[in-house]
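See below for the structure under consideration.
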Amino acid sequence: MSLKYAVIGNPVEHSRSPAIHAQFARQTGIDLEYGRILAPLDGFVEAVERFRDAGGSGLNVTLPFKLDAFAWAARHSARAGEAGAVNTLRFDAGAEGAWGDNTDGAGLVRDLRERHGFELQGRSVLLLGAGGAARGVVGPLLDAGVARLVVSNRSRANAERLVEKFAARAAPPVFVALDAVEPGFDLLVEASGSGLRDEPVALANQIFAAASLAYDLFYADAPTAFVRQARDAGCRSACDGLGMLVEQAAESFLAWHGVRPQTEPVYRTLREALHAEHVAPRTPAR
Ligand code: NDP
């Protein structure tokens with residue numbers, strides 16, 4: 001009988017995770033089904049428990065449930081514990097409660113290093129956003145040797161809650177208000193969902209012009225608002241988060257099955273599929 005997995009979120013209909021895990025399964029010969037679960041905003045726990053009780057083995061968790069998933073999991077990986085957010089749940093047979101992990105940051109770091117050739121050791125990084133995704137990437141960026149990490153966000157309170165979680169680190173992140181950010185970063189990481197709104201972020205052009213890479217966690221079938229903004233402002237390089245999506249999925253696959261799948265062929269297939277959708281859209285433009 002196939003192992004059963006799914007991604008749970010709201011909205012979730014555009015998630016590429018089923019296609020990614022289907023390709024990983026073919027590559028590794030693991031027999032699994034991977035679906036999508038649209039949970040009501042006030043019904044996350046009920047939806048997770050229904051899936052588990054029907055024989056599910058694990059879930060990926062996406063917006064807006066990563067903090068709920070952390071609260072619901074009985075045990076956590078160290079990186080999920082530090083982030084206070086979970087994007088991967090595993091229901092181990094015989095174990096009391098579910099195990100929660102956060103693979104977002106590992107996915108970002110791997111994409112930066114291996115696909116974009118960007119070394120993080122000693123670098124200065126600006127992180128925009130303080131939501132579930134931002135929480136997941138802070139620890140792995142620090143682990144990768146980032147020398148200075150500034151978090152900027154619309155809501156000061158949310159950003160301060162985030163930086164407080166990492167206060168014990170040797171080089172802890174600091175909060176700087178959006179209108180007080182100054183040029184001097186090697187890497188700009190956008191995690192405030194500007195791509196979803198298709199609008200620019202409130203950063204001066206000089207900040208982009210001085211940076212080596214602008215990285216948008218959001219991805220799309222055409223350059224995202226942040227990627228366009230960075231290029232127009234003279235940033236040396238800019239990319240979206242499709243590579244991170246595939247890499248965080250591979251980390252989840254490893255946590256569930258003990259095998260690390262190859263990501264490059266899956267990344268290429270997805271990029272080509274996105275391009276084809278852009279050239280000949282199947283659904284009205286998002
Ligand atoms: P959350 O809803 O948890 O967080 C949203 C963040 O965006 C908060 O910091 C929020 O600020 C900010 N924000 C929301 N609306 C606005 C606005 N109108 N103006 C300015 N800031 C705003 O989302 P996630 O953290 O889960 O996701 C963030 C982005 O990362 C999304 O685009 C998502 O698609 C992407 N992502 C990509 C992944 C990948 O693998 N490539 C993985 C995970 C996420 P405030 O605190 O003030 O509310």
Side-chain angles (χ1 to χ4, degrees), residues 7-17 19-21 41 44 60-71 79-80 83-88 101-112 115-116 126-138 140-141 150-165 173 175-179 181 188-203 214-221 223-227 229 239-253 263 266-267 270-271 274 286:
V7 55
I8 184 165
N10 186 333
V12 78
E13 65 272 22
H14 293 299
S15 172
R16 306 273 163 175
S17 293
I20 295 173
H21 282 271
L41 292 176
F44 172 74
N60 280 132
V61 181
T62 187
L63 193 136
F65 298 126
K66 290 181 184 179
L67 274 57
D68 302 271
F70 177 82
R79 59 194 179 187
V86 156
N87 79 337
T88 305
D101 192 10
N102 191 316
T103 66
D104 281 339
L108 171 65
V109 167
R110 192 172 268 267
D111 188 43
L112 281 167
R115 196 161 285 108
H116 300 286
L126 174 66
L127 173 62
L128 297 173
R135 277 174 177 245
V137 305
V138 168
L141 286 173
V150 169
V151 178
S152 204
N153 188 47
R154 175 180 63 174
S155 143
R156 183 185 185 112
N158 288 346
E160 285 181 342
R161 255 196 298 280
L162 188 158
V163 300
E164 272 162 27
K165 296 186 78 60
F175 167 72
V176 174
L178 275 167
D179 58 5
V181 175
L188 312 175
V189 178
E190 155 53 7
S192 74
S194 63
L196 289 164
R197 300 182 296 276
D198 199 26
E199 64 187 26
V201 298
L203 284 186
Y215 190 107
D216 191 354
L217 263 57
F218 185 76
Y219 64 87
D221 56 8
T224 66
F226 186 72
V227 166
Q229 185 179 5
C239 64
D240 72 8
L242 187 67
M244 170 178 167
L245 178 80
V246 177
E247 299 300 337
Q248 62 78 30
E251 284 280 322
S252 296
F253 196 89
T263 52
V266 177
Y267 172 79
L270 272 182
R271 185 61 84 194
L274 279 171
R286 274 174 270 151

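Note that the coordinates shown come from a computational prediction; the quantities given were computed from them, not determined experimentally. We count ligands from 1, going down the list as the structure has it; atoms in each ligand are counted the same way.
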State the atoms of ligand 1, each with its element, that fall below the 4.0 Å cut-off from a heavy-atom position in S155.
45 (P), 46 (O), 47 (O)
Is a donor from one side chain sitting under 3.5 angstrom from an acceptor on the other, for N153 and N158?
no
For residues L274 and R16, determine if any side-chain heavy atom of one lies less than 4.5 Å from a side-chain heavy atom of the other.
yes
Could you tell me whether the side chain of V227 reaches within less than 4.5 Å of the side chain of C239, counting heavy atoms only?
no
Check ligand 1 against G132 and write out every atom of the ligand that is under 4.0 Å from a heavy-atom position of the residue.
3 (O), 25 (O)
Separation between CG of L126 and CG of L188, rounded to the nearest 0.5 Å:
5.5 Å
Nearest option to atom 39 (C) of ligand 1, as decided by whichever heavy atom of L128, L217, L242 sits closest
L217
Under a 3.5 Å threshold, yes or no: a donor from one side chain and an acceptor from the other, between D111 and Y267?
no
Taking only non-hydrogen atoms of G129 and a 4.0 Å limit, the atoms of ligand 1 in range are 9 (O)
Nearest protein heavy atom to atom 33 (C) of ligand 1: under 4.0 Å?
no
Criterion side-chain contact (heavy atoms from CB on, under 4.5 Å) against D104, the qualifying member of D101, N102, L108:
N102
Check for a donor-acceptor pair, side chain of Q229 on one end and backbone N or O of V201 on the other, with a separation under 3.5 Å.
yes
Under 4.0 Å, counting heavy atoms only: does A191 come that close to any atom of ligand 1?
yes
Judging by distance only, is a nitrogen or oxygen of N158 under 3.5 angstrom from one on ligand 1?
yes
Of all the non-hydrogen atoms in the protein, which one sits nearest to atom 13 (N) of ligand 1, and at what distance?
S192 O, 3.5 Å
For atom 48 (O) of ligand 1, the protein heavy atom that lies nearest, with its residue and separation:
R154 NH2, 2.9 Å
Do ligand 1 and A130 have nitrogen or oxygen atoms that lie under 3.5 Å from each other?
yes
Does T103 reach the side chain of R79, with side-chain heavy atoms less than 4.5 Å apart?
yes
Check whether any side-chain heavy atom of R135 lies under 4.5 Å from a side-chain heavy atom of K66, and answer yes or no.
no
Test log, rule side-chain contact (heavy atoms from CB on, under 4.5 Å), inputs F175 and R156
CA-CA 8 Å; F175 167 72; R156 183 185 185 112; 3.4 Å; yes
Can you tell me if K66 contacts ligand 1 (heavy atom of the residue under 4.0 Å from the ligand)?
yes
Provide the number and element of each atom of ligand 1 under 4.0 Å from a heavy atom of L63.
23 (O), 24 (P), 26 (O), 27 (O)
Are any of the N/O atoms in E199 less than 3.5 Å from those in ligand 1?
no
So, D240 side chain and D216 main chain: donor-acceptor pair closer than 3.5 Å or not?
no
What atoms in ligand 1 come closer than 4.0 Å to a heavy atom of F218?
32 (O), 34 (O)
Ignoring hydrogens, just give me the one of G243, A133, G241 whose non-hydrogen atom is nearest atom 24 (P) of ligand 1.
A133
Looking only at protein heavy atoms, identify the closest one to atom 16 (C) of ligand 1 and say how far it is in Å.
R197 NH1, 3.1 Å
Does an N or O anywhere in N153 fall below 3.5 Å from an N or O of ligand 1?
yes
Atom 4 (O) of ligand 1 has as its nearest protein heavy atom G131 CA, 3.3 Å
